[in-house]
Number of protein chains: 2
Amino acid sequence: MATDDLMTRALETVGDDGPLSVEVIHRLTDLADVPEPMTIAEVADLLDMTPHTLRYYERAGLVEVARDRYGHRVYDSETVRRLVFLTRMRLSGMPMRDLQHYISLVDAGQDTVPERLDMLLEHRDIIRRRIRELTLSLAATEYKIATYGGSTGPDDAALDTATEL
Amino acid sequence: MATDDLMTRALETVGDDGPLSVEVIHRLTDLADVPEPMTIAEVADLLDMTPHTLRYYERAGLVEVARDRYGHRVYDSETVRRLVFLTRMRLSGMPMRDLQHYISLVDAGQDTVPERLDMLLEHRDIIRRRIRELTLSLAATEYKIATYGGSTGPDDAALDTATEL
DNA sequence: CTATGGCTTTGAGCGCGCGCGAACGCAAAC
DNA sequence: GTTTGCGTTCGCGCGCGCTCAAAGCCATAG
């Protein structure tokens, strides 16, 4: 279990086409099973990223991380939750620049809630469009796979070589 | 219509959650409404890419393009179809390297059909996984949006600032 | 009690995938 | 004639993260 990242666990939980209930979302963010103060290696393992990337995020101002008496980073659950959020946003295509902006809004206090909401709404639309694009590409790919398989006639042979689709 | 790319047209055709029938796929690849020999600008417009990128693909060995007596590129429907295919694969995440390999297989003749099929199957799985990832991120984003909106209680307020999710 | 290996720290620099920009010339079209 | 659009080449730029180097602390092993 230690080597699984959150997304992998989530996908296993959900299955190929299961419903995405609120409960699933909750389970996703249920971090009770991880130790409270985490090392950089543990967090990296949890989020399926390298320590390098975590330090990179920190330099980029996305998180602040406390240190122990040896200067080693100590991640509390608060920070880990933020990193989970950030990772998810990155994975769904939000650029670093936008993440930095979002975090700056969070740090700026409650007045920025509307703007944060706007960012989330816009990002939601981007994800939706991306899903539609991919669904289309998936359909096209499956179509091509199907015609490849059943290629017997001249037309189908043409499809093969002619790179139709 | 000239400024629309294929994907945009396709998405408009499909709508937000319509079924992806074979007919839709056919309509997608119905290039009858484009002139037979196309210039680089026309193809770029059709595929929503720049002439630069088209020349780049050509240099990369993905297509061979004939020239007219002025040295200008002349794209026949065959080449355009290949470019449509390549663009779709790129958009759905296939790296240039794999596209180059695929094209080399196409050029190598019918013996490579099984390997091409393998590539397509693998790519199909990648797209599927990507869609599931995005679906999950979408659900998480929508969940966060919902909690942002209805933040009245103390727990919800904590969600706001604590970057939960 | 060293030592060997394994983790951490910082900083600077590199690399990849993908494509764009700039500079320049030539032919056609207004 | 000047503007437009295409041609080529060289090099750059971006986003993102990794590599490399030099050094410190800890634990287990001899």
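Within every chain, numbering begins at 1; the chains are lettered A, B, ... in the order of the sequence lines, protein sequences first and strands thereafter.
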Under a single-linkage definition using a 4.5 Å side-chain heavy-atom cutoff for Ile, Leu, Val, Met, Phe, Trp and Tyr, are B/Y102 and B/L121 assigned to the same hydrophobic cluster?
->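 Same cluster.
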Rounded off to whole Å, could you give me the CD1-to-C1' distance for the B/I40 and C/dC20 pair?
->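 Those two atoms, CD1 and C1', are 14 Å apart.
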B/L54 CG to D/dG5 P, straight-line distance once rounded to whole Å =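 Distance, rounded to whole Å: 17 Å.
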In whole angstrom, give the distance that lies between atom CE of A/M38 and atom C1' of C/dT8.
->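 So the two atoms are 16 Å apart, to the nearest Å.
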Is it true that B/E58 and B/R67 have a side-chain N and a carboxylate O under 4.0 angstrom from each other?
->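 Yes, charged N to carboxylate O under 4.0 Å.
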Proximal nucleotide (of C/dG19, D/dG7, C/dT9) relative to the B/T53 side chain |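 Nearest to the side-chain atoms of B/T53, counting from C-beta on, is C/dG19.
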What's the CG-P distance between B/D68 and D/dG7, to the nearest Å?
->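 In whole Å, D/dG7 P and B/D68 CG are 8 Å from each other.
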Just compare D/dG7, D/dC26, D/dT19 and give me whichever is closest to any side-chain atom of B/R55.
->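 Within the option list, the nearest is D/dG7.
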Decide, yes or no, whether a salt bridge links B/E142 with A/R128 under the criterion of side-chain N to carboxylate O below 4.0 Å.
->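 Salt bridge present between B/E142 and A/R128.
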Starting from P on C/dC18, measure out to CG on B/L91 and report it in whole angstrom.
->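 In whole Å, C/dC18 P and B/L91 CG are 12 Å from each other.
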Distance below 4.0 Å between A/Y70 side-chain N/O and D/dC26 OP1 or OP2 =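 Yes, because at least one side-chain N or O of A/Y70 sits under 4.0 Å from OP1 or OP2 of D/dC26.
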Do NZ/NE/NH1/NH2 and the carboxylate oxygens of B/D107 and B/R82 come within less than 4.0 Å?
->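 Yes, this pair counts.
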Assign A/P51 to base, sugar-phosphate, or nothing according to its heavy-atom contacts below 4.0 angstrom with the strands shown.
->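 Counting heavy atoms under 4.0 Å across all strands, no contact is made by A/P51.
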Across the strands shown, which category fits A/R73 at heavy-atom distances under 4.0 angstrom: base, sugar-phosphate, nothing?
->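 Sugar-phosphate, backbone atoms only, no base.
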Side-chain donor-acceptor pair present, B/S92, B/H123, cut-off under 3.5 Å =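 Note: B/S92 and B/H123 side chains meet the donor-acceptor criterion.
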Of A/H72 and A/M96, the one whose closest DNA chain D nucleotide lies more 5' =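 The 5'-side residue here is A/M96.
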Whole-Å distance between C/dC18 C1' and B/Q100 CD?
->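 Going from CD in B/Q100 over to C1' in C/dC18 covers 12 Å.
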In whole angstrom, what separates A/L47's CG from D/dG17's P?
->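 Checked: the CG to P distance equals 12 Å.
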OP1, OP2 of D/dG15 versus side-chain N and O of A/R97: anything below 4.0 Å?
->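 Answer yes for this pair, as a side-chain N or O of A/R97 is under 4.0 Å from OP1 or OP2.
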Could you tell me whether A/T39 contacts a base, only the sugar-phosphate backbone, or nothing, with contacts defined as non-hydrogen atoms closer than 4.0 Å?
->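 Nothing, no heavy atom under 4.0 Å.
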Candidates C/dC20, C/dG19, D/dC20 - which lies nearest the side chain of B/H52 |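 Side chain of B/H52 sits closest to C/dC20.
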Please check the phosphate of D/dT8 (OP1 and OP2 only) for any side-chain N or O of B/R67 closer than 4.0 Å.
->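 So the side chain of B/R67 is within the cut-off, an N or O lying under 4.0 Å from OP1 or OP2 of D/dT8.
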Would you indicate, yes or no, if C/dG19 has its OP1 or OP2 atom less than 4.0 angstrom from a side-chain nitrogen or oxygen of B/Y57?
->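 Affirmative; the distance criterion is met.
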Gap between atoms CZ and P, on A/R59 and D/dC16 respectively (whole Å) =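 Those two atoms, CZ and P, are 14 Å apart.
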